[in-house]
There are 2 protein chains.
Amino acid sequence: MTQLEAQDPARLGKREKTKAANQQAILDAARKVFAELGYGATTVRDIIRGTGLASGTFYNYFKSKEEVFQALMDESALRVRPALIQERLKATTFEEFLRGMFLVFFSYVVDDNRAYTMMRANSGQIRVRMDTPEVIAGFDELRVDIDDGIERGVVPNVDPEYLTAALIGIAFEMADRMVQRDDPDPIAAADFATALVVGGIDLVPHKK
Amino acid sequence: MTQLEAQDPARLGKREKTKAANQQAILDAARKVFAELGYGATTVRDIIRGTGLASGTFYNYFKSKEEVFQALMDESALRVRPALIQERLKATTFEEFLRGMFLVFFSYVVDDNRAYTMMRANSGQIRVRMDTPEVIAGFDELRVDIDDGIERGVVPNVDPEYLTAALIGIAFEMADRMVQRDDPDPIAAADFATALVVGGIDLVPHKK
DNA sequence: AATAAAATTGACGCATCGTCACCTTTCTCT
DNA sequence: AGAGAAAGGTGACGATGCGTCAATTTTATT
C-alpha cells in the first residue's frame, strides 16, 4: 500500500531514506492542502490523505497541525536567511544595510509568492505568527548584528530592541500591502522603507 | 438555575435587560478564561461555564469562539479610538500627528495591560489578527486622514498605503517589545517611533 | 388569564483528535 | 543467510468539543 518510490541515491539506510521522504511528503501535502482549504479548515487527515500514509503515522513526524505549519514557515525562513546574512555582511553604511535587508525580504515575498500567500491566506482566519523564535531567527541575528553595527559605527546608537521591532514591523506590514497590489515592486517598497528610516519620508515623493 | 441578578435601573424590558447582561457576562467570562487558558485551550463550554448559562445559549450571542475573541478585540479598539481621533484632529504638523498617535496607542497598551496582555498571550499560539476591519478601524481612519493630511500639506506626499502599513507595523511590534520590558515607558517609545519616521533615528541616541 | 413570542436548555449527532496494541519492514549479529 | 530485535507504520477506538434543535421556560401582548 506504499506508493512511495525511493530515488535518493545517497548512501543512507532504507530507514532514514523513507523517513526523510515521508517527512518531506507530509510537508509538501500540507503546503498544498493549507493553500487549498486554509489553515482552519484543514484537518490532519486531509494532510495525510495526500501522502498515502496512515493517519497515525502523521504523529510520528509532527505533534500537531500547528507544528507542520510552523515547519513550513521555518522552511521559508531558511530560504531567505542566507541572503539576508549576505546583505548584512556586505553593507558598509546603515542605508546599504537597510536597503539590502528590505530588498531581499520583499523580493523573497514576491518570488516565493506561493509560500507567502499560503501564509497570508491563513493569517486572516487564525494565525500562527511569523515572529516565533524559529521563523524570526534571521531577524534575531539582525538584532545581534544591530548591536554589532552600533559598536562598529555602521548603525546609529539607538535602542536596538526598538529598532529591530520597528524594522520587523515595517517589513511585514509593508509586505502584506505589497502582495495585494497588482504589480508588486520590491525595489520601490525597499526604497520607501529605507527612506522612511534613514532619511525621513520626504525623500520618496509619491507619484500620483 | 439562573444566578444573574438584574440591577440595571434603566427603563428596559426584562428581555432586553437580561440579553444585555448575558452578552456582557459572556464577554467577561471569555476575557477571564482566555487569559487563564489561552485561546487555543479554552472551549466554548469553558466560557459559558463561568456564566451559569447553558451551552446552547452561547450560540444565541456569538457564532463561535473566534467571534467572542474578535468582540473582545473590538471592545479594546473602541476604547482607544476616540483618543486617536482627538490626537489626529489637533495635530498641525506631521511630527505632532505622529507623536500624538503613537503616544495614545502606547499609553493604552500600558494602561489596559490586561486586555493587551490577554491578546498577546493568545498571539503566541494561534492568533486572531488585530488588523481585521473591525479592530483596525481606527487605523483605517488613519489611512483616510493621511490622504487628507497630504491634501492639507500636514503629511508628506508619499504612498499612503505604505506609510500606513509602516506606521501600523512600527506601532504593534514596538508595543509587543515595550510590554515585555520591566518599566514600559510609552513616552520614550513614542519619541523613538516619531524620531524614526520624521527625523531619522539619530535624534534619539540610546543611553546605555 | 390566555395566547403569542422570545429565549433558554441540554441531550444528541457529527467531526476530529491523538493514542495504542498489533503488524510489517528494516537492521543487526552470528 | 537467517533469526531475533528494533524501528516504524497502521487504523480502529475512546475522548473531546462543536453546533443544532425540539422541548421547555420565561417574558410580552391582548
Side-chain angles (χ1 to χ4, degrees), chain A residues 1-8 10-27 29-30 33-34 36-71 122 125-126 128, chain B residues 1-8 10-27 29-30 33-34 36-71 122 125-126 128:
Chain A
M1 197 155 281
T2 161
Q3 336 268 74
L4 292 171
E5 48 267 40
Q7 66 268 60
D8 191 332
R11 267 318 62 190
L12 287 167
K14 194 162 191 181
R15 194 104 85 196
E16 282 85 0
K17 218 188 293 188
T18 57
K19 256 191 111 167
N22 285 350
Q23 169 112 8
Q24 198 53 51
I26 292 175
L27 284 173
V33 179
F34 279 146
E36 269 168 27
L37 308 180
Y39 178 84
T42 83
T43 71
V44 167
R45 259 71 171 185
D46 290 333
I47 297 173
I48 211 69
R49 194 170 299 126
T51 67
L53 298 169
S55 69
T57 304
F58 175 90
Y59 296 96
N60 291 343
Y61 292 89
F62 299 97
K63 220 170 72 255
S64 64
K65 180 171 69 160
E66 190 178 332
E67 207 178 274
V68 210
F69 191 81
Q70 206 54 250
N122 299 322
Q125 337 174 2
I126 228 167
V128 179
Chain B
M1 196 156 280
T2 159
Q3 336 268 78
L4 291 169
E5 48 266 43
Q7 65 269 63
D8 191 333
R11 264 316 64 182
L12 287 166
K14 193 163 190 181
R15 194 102 87 196
E16 283 84 1
K17 217 188 293 187
T18 58
K19 257 191 110 168
N22 285 349
Q23 169 111 6
Q24 199 52 51
I26 292 175
L27 283 174
V33 179
F34 279 146
E36 268 169 26
L37 307 181
Y39 179 85
T42 83
T43 72
V44 167
R45 259 72 170 185
D46 289 334
I47 297 172
I48 211 68
R49 193 170 300 126
T51 66
L53 300 170
S55 68
T57 304
F58 175 89
Y59 296 96
N60 292 343
Y61 293 90
F62 299 97
K63 222 170 72 256
S64 65
K65 180 172 68 162
E66 190 178 333
E67 208 179 272
V68 210
F69 190 81
Q70 206 54 250
N122 300 321
Q125 337 174 5
I126 230 167
V128 179

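For clarity, every value in this text was computed on a predicted model and none was experimentally measured. Here is the naming used below: chain letters follow the sequence lines, and residue numbers restart at 1 for every chain. Hydrogens, waters and symmetry mates are skipped; everything else that's a heavy atom, side chains included, is used.
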Separation of A/Leu27 CG from A/Phe62 CZ (nearest 0.5 Å): 4.0 Å
A/Phe58 side, atom CZ; A/Arg45 side, atom CZ - distance, nearest 0.5 Å: 9.5 Å
B/Glu67 side chain near B/Tyr61 side chain, heavy-atom distance below 4.5 Å: no
Sugar-phosphate only, base, or nothing, as touched by B/Phe62 at under 4.0 Å among non-hydrogen atoms: nothing
Closest nucleotide among C/dG10, D/dG8, D/dG11 to the A/Lys19 side chain: D/dG8
Measure the distance from [atom1] on [X] to [atom2] on [N] and round it to the nearest whole Å.
| X | N | atom1 | atom2 | answer |
| --- | --- | --- | --- | --- |
| A/Gln23 | D/dG8 | CD | P | 12 Å |
| A/Glu67 | C/dC17 | CD | C1' | 15 Å |
| B/Leu53 | C/dA7 | CG | P | 14 Å |
| B/Asn60 | C/dA5 | CG | P | 18 Å |
| B/Ile48 | D/dG17 | CD1 | P | 15 Å |

Counterpart residues, side chain to side chain donor-acceptor pair (under 3.5 Å), relative to A/Thr57 (two or more places apart): none
Short side-chain N/O contact from B/Asn22 to OP1 or OP2 of C/dA7, under 4.0 Å: no
Qualifying residue, where the test is side chain to side chain contact (heavy atoms under 4.5 Å, CB included) with B/Leu37 and the options are B/Asp46, B/Ile47, B/Thr43: B/Asp46
A/Asn22: which of A/Asn60, A/Thr51, A/Leu53 passes side chain to side chain contact (heavy atoms under 4.5 Å, CB included): A/Leu53
Pick out the pairs of N or O atoms, protein on one side and nucleotides 18-20 of chain D on the other, that lie under 3.5 Å.
unit_1, atom_1, unit_2, atom_2, d
D/dC18, OP1, B/Val44, N, 3.1
D/dC18, OP2, B/Val44, N, 3.4
D/dG19, OP2, B/Tyr59, OH, 2.8
D/dG19, N7, B/Arg45, NH1, 3.3
D/dG19, O6, B/Arg45, NH2, 2.5

